[in-house]
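In what follows, chains carry the letters A, B, and so on, assigned in the order in which the sequence lines appear, proteins first and then strands, with residues in each chain numbered from 1.
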Number of protein chains: 2
Amino acid sequence: MYSIGDIASIMGISTSAIRFYDKQGLLPFVERDSGGRRKFKKQDLNFIEVIDCLKKSGVPVKDIGHFVHMCMQGDGTLRARYDYLDEEEQTLMNHIDEMQHQLDFLRYKKWYYKTSVEAGTESIHFAPQTNMVDPGTKAEYQAELEHCTNIRKLIDLEQSEEA
Amino acid sequence: MYSIGDIASIMGISTSAIRFYDKQGLLPFVERDSGGRRKFKKQDLNFIEVIDCLKKSGVPVKDIGHFVHMCMQGDGTLRARYDYLDEEEQTLMNHIDEMQHQLDFLRYKKWYYKTSVEAGTESIHFAPQTNMVDPGTKAEYQAELEHCTNIRKLIDLEQSEEA
DNA sequence: TGTTGACTTAAACACTAGTTTAAGTAGTAG
DNA sequence: CTACTACTTAAACTAGTGTTTAAGTCAACA
């Protein structure tokens, strides 16, 4: 048996967050002791694990509530629960893909600034006689990235040594 | 030159969102025409691209504002801008890692429900004489995952055919 | 010469995801 | 017996991220 405080430290969140989740219907399975305090059972940790995963995956509280609600209905909702997780898997894969694209762009920008810092000015990347970034800059980066075995060498700036 | 509406469709967001960003200090570089309307220049698209990337990476509007503010200060902030993107790269990599962990767990749960659906009941995963998931269930999944070349075969349920 | 559509602002509103506050209960330690 | 700690509730509050509304401006088109 676990108190709300135990669960809070297991999940690494505050007790008020747990009470909030309860109010939103995420914890219909928790029982109470004689004094009205929440008592989490061993098997409740399975729910906690799933809720934690969905939360960390960016699923809104309301949606997690729907899933938990289905769990409480018994074997009749097994297929629906599977289908829900299937959709969630796709959503999460798309999200990871998106993050990877942003990471790629961020690394281009790191290269842009690394080379600017080394040159002492951003203007090395500007088209002649303008304040605009040369349209060929990104292609230049991608070409360097092609025949580069370690992206760190390309985009990481050495720490300037502390005197 | 682009109007606010042009930029909105380029970024795939609403014009009110752009005005909101402007008010939060993300767009100090936009100029206005004689009528007071925002006029985005070609070179502003470089900013838009970075803002869009940071937004999609989950960076709070306020932080993006700080970065843009540094950009307006000229070459003196090049190193600070690099350092900022360096931190952001680390944050984003950690985030992707975290998402990947959640994806792994989600797939375990898909397997759990796939096998339950096939058996017609979740109780196949319960420890004998209890309503608790058997503590060895996850290890069982991981063992199957080990000698499995295609995770789809392990966790995807065939579509039940429409009559 | 309207009137239409895209723009402008400030201010109010909405939604999510909690946190904080105030008032109270219950068990334990000294 | 008192103090302390962890818990309880309802309700108010906050932060972040926009959207909506109301009132107005401006350029172009029939």
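- Close to C:dA17, at under 4.0 Å from its OP1 or OP2, lies no side-chain N or O of A:R19.
- One interatomic measurement links the two molecules: CD1 of A:I4 to C1' of C:dT19, which rounds to 13 Å at whole-angstrom precision.
- Atom C1' of nucleotide C:dC15 and atom CD of A:Q24 are separated by 12 Å, given to the nearest angstrom.
- With distances taken from any side-chain atom of A:R32 to the nucleotides D:dT9, C:dG18, C:dT8, the minimum falls on D:dT9.
- Nucleotide D:dG18 holds its P atom 12 Å from the CD1 atom of B:I51, rounded to whole Å.
- Residues A:G35 and A:F20 each lie close to DNA chain C; by heavy-atom proximity, the contact nearer the 5' end of the strand is made by A:F20.
- In this structure, CD1 of A:I64 is placed 12 Å from C1' of C:dT16, rounded to the nearest angstrom.
- Map B:P60 and B:S34 each onto its nearest nucleotide of DNA chain D; the residue landing nearer the 5' end is B:P60.
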B:Q102 vs B:E98, side-chain hydrogen bond (donor to acceptor under 3.5 Å, both in side chains): CA-CA, chis, key distance, verdict: CA-CA 6 Å; B:Q102 303 317 321; B:E98 168 75 22; 2.6 Å; yes
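- For B:K23 and D:dG16, the NZ to C1' distance is 14 Å, given to the nearest whole Å.
- A cation-pi contact, defined as under 6.0 Å to the ring centre and within 45° of the axis, is absent between A:K23 and A:F20.
- Between B:S16 and B:K62, the residue anchored nearer the 5' end of DNA chain D, judged by the nucleotide with its closest heavy atom, is B:K62.
- When distances run from any side-chain atom of A:Y21 to the nucleotides C:dT9, D:dT19, C:dG18, the shortest one goes to C:dG18.
- In this structure, B:E122 pairs ionically with A:R81, as a charged nitrogen and a carboxylate oxygen lie closer than 4.0 Å.
- Note: CD1 (A:I18) to C1' (D:dT9) measures 16 Å, nearest angstrom.
- Between B:R19 and B:D22 there is no salt bridge, since no side-chain N of the basic residue sits under 4.0 Å from a carboxylate O of the acidic one.
- Following rounding to the nearest Å, A:D63 (CG) and C:dC15 (P) show an atom-to-atom distance of 15 Å.
- Closest to the side chain of A:R38, out of C:dG18, C:dT9, D:dT8, is D:dT8.
- The side chain of B:S14 places an N or O atom within less than 4.0 Å of a non-bridging phosphate oxygen (OP1 or OP2) of D:dT19.
- The phosphate of D:dA6 (OP1 or OP2) has no side-chain N or O of A:T15 nearer than 4.0 angstrom.
- Picking from C:dT8, C:dT19, D:dT9 the nucleotide with the shortest atom distance to the side chain of B:R37 gives C:dT8.
- The interatomic distance linking B:D22 (CG) with C:dA10 (P) rounds to 11 Å, in whole Å.
- Looking only at distances, no side-chain donor or acceptor of B:N94 sits under 3.5 Å from a matching main-chain atom of B:T91.
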